[in-house]
Protein chains: 2
Amino acid sequence: MPLFSSTYTNKVDKKGRVSVPASFRSTLPSDDQSISVVPSLVSKAIEGFDCSYLVQISERLDNYDMLTVSGQPSNPAVKILSRSMTLSIDSDGRIVLPQEFMKHAGISDRAVFVGLGKTFQIWSPEEHKAVMGQGEGELM
Amino acid sequence: MPLFSSTYTNKVDKKGRVSVPASFRSTLPSDDQSISVVPSLVSKAIEGFDCSYLVQISERLDNYDMLTVSGQPSNPAVKILSRSMTLSIDSDGRIVLPQEFMKHAGISDRAVFVGLGKTFQIWSPEEHKAVMGQGEGELM
DNA sequence: TAATCTATCATGGAATAACATGGTACTAGA
DNA sequence: TCTAGTACCATGTTATTCCATGATAGATTA
């Protein structure tokens with residue numbers, strides 16, 4: 001399976017430990033069972049992807065000026081790279097979500113994994129329902 | 001056979017297991033006997049297609065842009081990717097239909113496979129008869 | 001042409017493996 | 001020593017794999 005797809009809801013325990021859906025794991029290279037995550041720049045969610053994906057993002061940096069005249073980063077790639085973390089998947093197929101990330105996404109005891117092809121997102125059930133529902137979330 | 005064609009009705013067992021019509025299987029690449037399915041956005045049916053079809057959809061969301069505004073739920077590509085599942089065909093030529101999908105299509109113990117060229121649909125016999133039955137009499 | 005054989009197919013049931021999840025033990029740093 | 005983080009083990013449930021059966025259609029042979 002080459003892409004992240006479908007939607008799964010898994011439990012998060014007190015330590016922030018949560019299973020990565022098996023189908024997501026199988027899309028990762030077998031020699032590097034880890035993922036990169038970053039708080040979404042546009043929504044209350046966590047973005048996740050294969051670690052090699054970060055390389056592609058960093059290459060974008062080479063084509064842009066790092067800073068504007070005001071001294072602020074002009075390129076979203078700067079924010080992504082500087083805020084991302086790499087989480088290793090343990091032998092049971094789980095990761096530990098950092099507290100800051102859980103707070104950003106409003107996650108407490110459940111996490112919704114949403115496959116988006118080359119990337120995926122992690123939402124709280126409440127936020128996910130709210131956002132997906134507004135965009136004609138119902139299937140018919 | 002390069003295209004999905006014709007209509008077949010097969011049995012669905014208690015676990016949602018159903019045979020994929022042999023002619024459908026033969027249209028799939030021999031090195032990837034699996035299909036992607038997604039609840040239809042417009043009808044009470046399941047859409048099915050070759051997995052490479054999903055790759056094309058995901059590429060519409062350009063890599064790094066998916067981490068910004070384009071990765072929002074209102075994007076049709078996001079809807080498809082987040083709702084689709086890849087089902088592998090077992091050695092007996094069967095797939096397992098997820099419960100949610102069966103519910104969406106109103107499938108219980110029988111499934112109607114309808115070939116539509118590059119894609120196909122899976123219906124419940126009742127719904128298929130109701131929708132496709134109109135105008136069927138004019139065929140000859 | 002008729003009978004038989006063979007391969008493929010659809011289907012059912014049971015054994016097996018994988019998955020998600022909770023808990024405990026261990027390690028290192030403060 | 002205490003805490004936080006990590007690795008290891010245990011369990012029930014679900015999903016996947018394997019094997020067996022009857023049916024059908026095509027081919028082969030007499």
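Only heavy atoms go into these numbers, but all of them, side chains included; no hydrogens, no water, no symmetry mates. Letters go in sequence order (proteins before strands), and every chain restarts at 1.
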Participant: How does protein reach along nucleotides 13-27 of chain D, written 5' to 3' as B (base within reach of a heavy atom under 4.0 Å), S (only sugar-phosphate), or - (no contact)?
Facilitator: ---BBBB--------
Participant: For A:Asp90, enumerate each residue passing the salt bridge (Lys or Arg N to Asp or Glu O under 4.0 Å) test, keeping only those at least two apart in sequence or located in another chain.
Facilitator: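 Per chain and number, A:Asp90 pairs via salt bridge (Lys or Arg N to Asp or Glu O under 4.0 Å) with no residue.
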Participant: Using residues 117-127 of chain B as the side-chain source, report each donor-acceptor pair under 3.5 Å to any protein atom, sequence neighbours left out, with the distance given to one decimal.
Facilitator:
from     : atom 1 : to       : atom 2 : distance (Å)
B:Gln121 : OE1    : B:Trp123 : NE1    : 2.9
B:Gln121 : NE2    : B:Glu47  : OE2    : 3.2
B:Ser124 : OG     : B:Glu127 : N      : 3.1

Participant: Would you confirm whether B:His104, through its side chain, and B:Ser43, through its main-chain N or O, come within 3.5 Å as a donor-acceptor pair?
Facilitator: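 Yes; judged by distance alone, with no hydrogens or angles, the pair exists.
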Participant: Quick one: which of A:Val37, A:Leu54, A:Ile35 gives a side chain to side chain contact (heavy atoms under 4.5 Å, CB included) with A:Phe49?
Facilitator: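 Between A:Phe49 and the candidates, side chain to side chain contact (heavy atoms under 4.5 Å, CB included) is satisfied uniquely by A:Leu54.
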Participant: Please report, rounded to the nearest Å, how far the P atom of D:dT6 is from the CD1 atom of A:Ile95.
Facilitator: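 Atom-to-atom, A:Ile95 to D:dT6, this comes out as 12 Å.
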Participant: How is B:Val20 classified with respect to the nucleic acid when contacts are heavy atoms under 4.0 Å: base, sugar-phosphate, or nothing?
Facilitator: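 Counting heavy atoms under 4.0 Å across all strands, the contact made by B:Val20 is with sugar-phosphate only.
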Participant: Not counting sequence neighbours, which residues clear side chain to side chain contact (heavy atoms under 4.5 Å, CB included) with A:Glu100? List them please.
Facilitator: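 With neighbours one apart ignored, the set is empty.
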Participant: To 10°, what angle do the rotation axes through the five end pairs on each side of the helix from C:dT1-D:dA30 to C:dA30-D:dT1 form?
Facilitator: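 Computed from the C1' atoms at both ends, the axes differ by 40°.
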Participant: Relative to the 5' end of DNA chain C, which residue comes earlier, A:Lys11 or B:Pro21, by the nucleotide with the nearest heavy atom?
Facilitator: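 Of the two residues, B:Pro21 wins.
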Participant: Only pairs under 3.5 Å count here: list side-chain donor-acceptor contacts from residues 7-14 of chain A, not counting sequence neighbours, and write none if there are none.
Facilitator:
from    : atom 1 : to      : atom 2 : distance (Å)
A:Thr7  : OG1    : B:Ser82 : O      : 2.8
A:Tyr8  : OH     : A:Ser23 : OG     : 3.0
A:Asn10 : ND2    : A:Ser19 : O      : 2.8
A:Asp13 : OD1    : A:Lys15 : N      : 3.0
A:Asp13 : OD1    : A:Gly16 : N      : 3.3
A:Asp13 : OD1    : A:Arg17 : N      : 2.9
A:Asp13 : OD2    : A:Arg17 : NE     : 2.8
A:Asp13 : OD2    : A:Arg17 : NH2    : 3.2

Participant: Which two nucleotides bound the region of DNA chain C that has atoms under 4.0 Å from heavy atoms of chain B, read 5' to 3'?
Facilitator: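 Here the contact window of chain B covers C:dC9 to C:dA14.
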Participant: Quick one: A:Glu100 CD to D:dG5 P, roughly how many Å, whole number?
Facilitator: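 Going from CD in A:Glu100 over to P in D:dG5 covers 12 Å.
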Participant: Listing request: all salt bridge (Lys or Arg N to Asp or Glu O under 4.0 Å) pairs with a residue in residues 23-35 of chain A, at least two apart in sequence or in separate chains.
Facilitator: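 Found none.
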Participant: Can you tell me if B:Asn75 uses its side chain to pair, donor with acceptor, with the backbone of B:Ala77 under 3.5 Å?
Facilitator: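 Yes; at least one donor-acceptor contact below 3.5 Å.
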Participant: Sequence neighbours left out, what passes side chain to side chain contact (heavy atoms under 4.5 Å, CB included) with B:Pro98? Give chain and number order.
Facilitator: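 With neighbours one apart ignored, the set is B:Met85, B:Leu87, B:Phe101.
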Participant: Test of understanding: with side-chain hydrogen bond (donor to acceptor under 3.5 Å, both in side chains), list the residues that count as partners of A:Ser84, not counting sequence neighbours.
Facilitator: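 For A:Ser84, no residue satisfies side-chain hydrogen bond (donor to acceptor under 3.5 Å, both in side chains) once neighbours in sequence are set aside.
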